[in-house]
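Comments concern the structure below.
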Amino acid sequence: MKQLARLGLGLLLAGGLATAHAEEVKIGMITTLSGGGSHLGVDVRDAFLLAIEQSGRDDIEVLVQDDARKPDLARNLANEFMQRDDVDIMTGIIWSNLAMAVVPSVVRQGTFYLSPNAGPSDLAGRMCHENYFNVAYQNDNLHGAMGAWMREQGYENPIIMAPNYPAGTDALAGFKHLYEGEVADELYTQMGQTDYAAEIAQIRASDADSLFFFLPGGMGISFMKQWQNAGVEMPVFGAAFSFDEILIKAVGKAAIGARNTSLWAYDLDNATNHAFVESFREAYGRMPTLYAAQGFDTANLILSALEKAHPDDQDAFREALREADFDSVRGEFRFGPNQHPIQDIYVREVVAGEDGEPTNRLLGIAVEDIQDIYHVDCKM
């Protein structure tokens with residue numbers, strides 16, 4: 001926390017000094033820093049700020065606000081950033097329902113928005129916009145990749161489960177699209193649910209041969225602990241959103257053996273990733289998660305575009321973003337026609353680390369060059 005405070009103060013000072021420069025850039029970050037799932041936003045923020053600090057630039061001011069996972073608050077904060085602070089770029093939103101409340105209005109008003117996490121299908125397809133870039137994924141991607149991988153591994157009758165909100169419905173749609181087979185059942189839970197006794201009983205009573213679920217944040221912790229206590233004998237699969245480094249340590253041994261898909265892994269073998277993991281651990285005293293990797297890439301994409309144009313020159317800055325001329329922690333990075341990534345998705349397994357604590361180990365690639373299906377509906 002002390003390291004974070006020093007970093008934040010340094011950025012504010014840099015922003016103050018930069019006011020004398022005609023080319024100062026203001027970035028407004030709205031993310032989740034309190035309440036359930038706050039570690040997602042904290043990791044996005046911390047890695048984003050780390051990348052800005054590492055750039056050495058003194059002409060960028062980052063303004064950070066907590067949306068507390070409330071759509072109305074996020075919408076009000078976005079309006080303040082645009083109308084009061086006159087930001088050039090916005091970023092930070094974690095949850096898809098908040099993204100749908102904020103992004104369409106932001107981009108229509110001429111402000112660039114770069115998503116470091118949320119990737120609802122509507123924003124990839126029918127509501128795509130030239131000022132909207134997703135640096136993480138389209139919501140289907142990780143789930144679809146696991147569907148394809150499970151099919152290849154011979155699982156014939158999975159039961160699938162997710163919360164009933166945009167990312168949850170996208171998750172199960174994505175899984176089914178690439179699984180290309182029948183599922184035993186699909187269960188929808190409530191956002192923020194903590195008691196999964198009914199769902200576990202339903203899973204136990206089914207004839208499913210496997211479970212795939214998407215329960216991000218604290219929902220995944222609650223479920224996995226109750227799953228272990230219930231003693232159901234069934235292999236468990238999911239996406240990284242339910243198996244990041246913070247969540248699996250909170251779950252404990254119950255997470256070991258679960259396999260999950262991710263666009264990134266801390267043991268992914270490239271020089272940029274090695275340097276990122278080392279610098280993040282040094283700055284914050286913890287292992288980065290998927291969300292940190294996405295926040296770091298989002299900042300470095302912005303920095304690469306700023307080397308070529310200022311956001312005031314919207315056409316030039318937009319084209320510089322599209323070029324994605326930066327070294328990504330995930331390896332190769334490129335945008336599809338709807339300004340969402342085309343990228344490899346990896347499979348990881350939760351194993352016991354050297355200290356006995358659960359950790360993710362990279363197994364291999366689930367799907368190469370995955371692209372969302374909604375790009376065909378994007379009319380840019």
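Nothing here was measured: the structure is a model prediction, and the numbers come from that model.
- In this structure the side chain of Leu215 reaches within 4.5 angstrom of the side chain of Met161, judged on heavy atoms.
- In terms of modelled atom types and a separation under 3.5 Å, the side chain of Thr91 and the main chain of Leu114 share a donor-acceptor contact.
- Here the closest non-hydrogen pair linking Asn270 and Asn273 is OD1-N, 2.7 Å.
- Side chain of Thr111 to backbone of Val107: no donor-acceptor contact under 3.5 angstrom is found.
- Using modelled atom types, one side-chain atom of Glu245 and one backbone atom of Asn360 make a donor-acceptor pair closer than 3.5 Å.
- The side chain to side chain donor-acceptor pair (under 3.5 Å) check on Thr289 picks up Asp43, with sequence neighbours excluded.
- Enclosure of atom NZ in Lys253 is not indicated, since only 12 or fewer non-hydrogen atoms of other residues, nucleotides or ligands lie within 6.0 angstrom.
- Among residue pairs with one or both ends in residues 213-235, none qualify as side chain to side chain donor-acceptor pair (under 3.5 Å); sequence neighbours excluded.
- Ring centers of Phe237 and Phe212: at least 6.0 Å apart, outside the cut-off.
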Requested in this report: Please step through side chain to side chain donor-acceptor pair (under 3.5 Å) for the pair Ser328 and Asp297, ending with a clear verdict.
Outcome: CA-CA 6 Å; Ser328 168; Asp297 271 359; 2.6 Å; yes
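- Put simply, CG on Leu73 and CG on Asp66 are 7.0 Å apart, with the number rounded to the nearest 0.5 Å.
- Using a 4.5 Å heavy-atom cutoff, the side chains of Cys128 and Lys379 are not in contact.
- With sequence neighbours excluded, the residues forming a ring pair (Phe, Tyr, Trp, His ring centres under 6.0 Å) with Phe214 are His143, Phe241, listed by chain and number.
- Pairs of residues two or more places apart, or lying in two chains, that qualify as side chain to side chain donor-acceptor pair (under 3.5 Å) and include a residue from residues 364-375 are Asp140-Tyr374, Asn338-Asp372.
- By the side chain to side chain donor-acceptor pair (under 3.5 Å) test, Asp88 pairs with no residue at all, sequence neighbours left out.
- Linking Ile, Leu, Val, Met, Phe, Trp and Tyr whenever their side-chain heavy atoms come within less than 4.5 Å puts Phe333 and Leu303 in one cluster.
- Closest approach of Ala324 to Leu301, counting heavy atoms only: CA-CD1, 3.8 Å.
- Counting all heavy atoms, side chain and backbone alike, Thr31 lies closest to Gly41 at OG1-CA, 3.3 Å.
- In this model, no donor atom of one side chain and acceptor atom of the other lie less than 3.5 Å apart for Glu130 and Gln314.
- Ring centers of Tyr132 and His340: under 6.0 Å apart, within the cut-off.
- Partners of Tyr291 under the ring pair (Phe, Tyr, Trp, His ring centres under 6.0 Å) rule, at least two apart in sequence or in another chain, do not exist in this structure.
- Formation of a donor-acceptor pair under 3.5 Å by the Ser262 side chain with backbone atoms of Ala265 is not found in this model.
- For the pair Asp244 (side chain) and Ile246 (backbone), a donor-acceptor distance under 3.5 Å is present.
- Phe81 is linked by a ring pair (Phe, Tyr, Trp, His ring centres under 6.0 Å) to nothing, counting only residues two or more places apart in sequence or in another chain.
- When each of Gln109, Arg318, Gln339, Arg108 is paired with Asn131, the side chain to side chain donor-acceptor pair (under 3.5 Å) condition holds for Arg318 and for no other.
- Between the Gln193 side chain and the Gln190 main chain, a donor and an acceptor come within less than 3.5 Å of each other.
- To the nearest 0.5 angstrom, Ile345 atom CD1 is 14.5 Å from Trp149 atom CH2.
- Of the possible polar contacts, none joining the Gln294 side chain to the Ala136 backbone as a donor-acceptor pair under 3.5 Å is found.
- Put simply, CG on Leu98 and CG on Asp67 are 5.0 Å apart, with the number rounded to the nearest 0.5 Å.
- Between Met127 and Pro104 the shortest heavy-atom distance is CE-CG, 3.6 Å.
- Residues Ile93 and Leu321 are members of one and the same hydrophobic cluster, defined by side-chain heavy-atom contacts under 4.5 angstrom among Ile, Leu, Val, Met, Phe, Trp and Tyr.
- Not a single donor-acceptor pair under 3.5 Å links the side chain of Ser115 to the backbone N or O of Asn134.
- For residues 181-241, no pair satisfies disulfide bond (SG atoms under 2.5 Å apart), with sequence neighbours left out.
- For Lys26, there are no side chain to side chain donor-acceptor pair (under 3.5 Å) partners two or more places apart in sequence or in a different chain.
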Query raised in the report: How far apart are the C-alpha atoms of Arg259 and Glu349, what are their side-chain angles, what is the distance that settles it, and do they pass the salt bridge (Lys or Arg N to Asp or Glu O under 4.0 Å) test?
Result: CA-CA 4 Å; Arg259 279 152 286 180; Glu349 182 177 11; 5.0 Å; no
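- Rounding to the nearest 0.5 Å gives a distance of 12.5 Å between CD1 of Ile342 and CD of Gln138.
- Within the structure, every pair that satisfies the side chain to side chain donor-acceptor pair (under 3.5 Å) test and touches residues 151-167, not counting sequence neighbours, is listed here: Asn157-Asp207.
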**Report entry** salt bridge (Lys or Arg N to Asp or Glu O under 4.0 Å) assessment of Lys70 paired with Asp72
**Finding:** CA-CA 6 Å; Lys70 297 176 181 178; Asp72 288 344; over 6 Å; no
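- The distance from atom CG of Asn300 to atom OG1 of Thr298, rounded to the nearest 0.5 Å, is 9.0 Å.
- Judged purely by atom type and a 3.5 angstrom limit, Ser105 has no side-chain atom pairing as donor or acceptor with the backbone of Val102.
- The local environment of CD in Glu180 is crowded, with over 12 non-hydrogen atoms from other residues, nucleotides or ligands closer than 6.0 Å.
- The cationic group of Arg286 lies under 6.0 Å from the six-membered ring centre of Tyr284 and within 45° of the ring axis, placing it in a cation-pi geometry.
- When side chains are defined from C-beta on, Phe276 counts as touching Pro288, because their heavy atoms get closer than 4.5 Å.
- Among pairs with a residue in residues 87-108, none fulfils ring pair (Phe, Tyr, Trp, His ring centres under 6.0 Å), at least two apart in sequence or across chains.
- Residue Glu319 qualifies as enclosed at atom CD: its count of foreign heavy atoms under 6.0 Å is above 12.
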Query raised in the report: Does the pair Glu307 and Arg57 meet the rule for a salt bridge (Lys or Arg N to Asp or Glu O under 4.0 Å), with working shown?
Result: CA-CA 11 Å; Glu307 290 295 321; Arg57 294 186 64 135; 3.4 Å; yes
Query raised in the report: Hey, mind stepping through Tyr188 and Thr169 against side chain to side chain donor-acceptor pair (under 3.5 Å) and telling me if it holds?
Result: CA-CA 8 Å; Tyr188 284 98; Thr169 55; 5.9 Å; no
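- In this structure, the side chain of Tyr137 engages the main chain of Asn117 through a donor-acceptor pair within 3.5 Å.
- Exactly one of Leu362, Leu363, Val367, Ile365 qualifies for a side chain to side chain contact (heavy atoms under 4.5 Å, CB included) with Val347. That residue is Leu363.
- The line from CD1 of Ile94 to CD1 of Ile30 is 12.0 Å long, rounded to the nearest 0.5 Å.
- Under the 6.0 Å cut-off for aromatic ring centres, Phe48 and Phe296 do not qualify, their centroids lying 6.0 Å or more apart.
- Considering only residues two or more places apart in sequence or on other chains, Tyr113 meets the ring pair (Phe, Tyr, Trp, His ring centres under 6.0 Å) condition with none of them.
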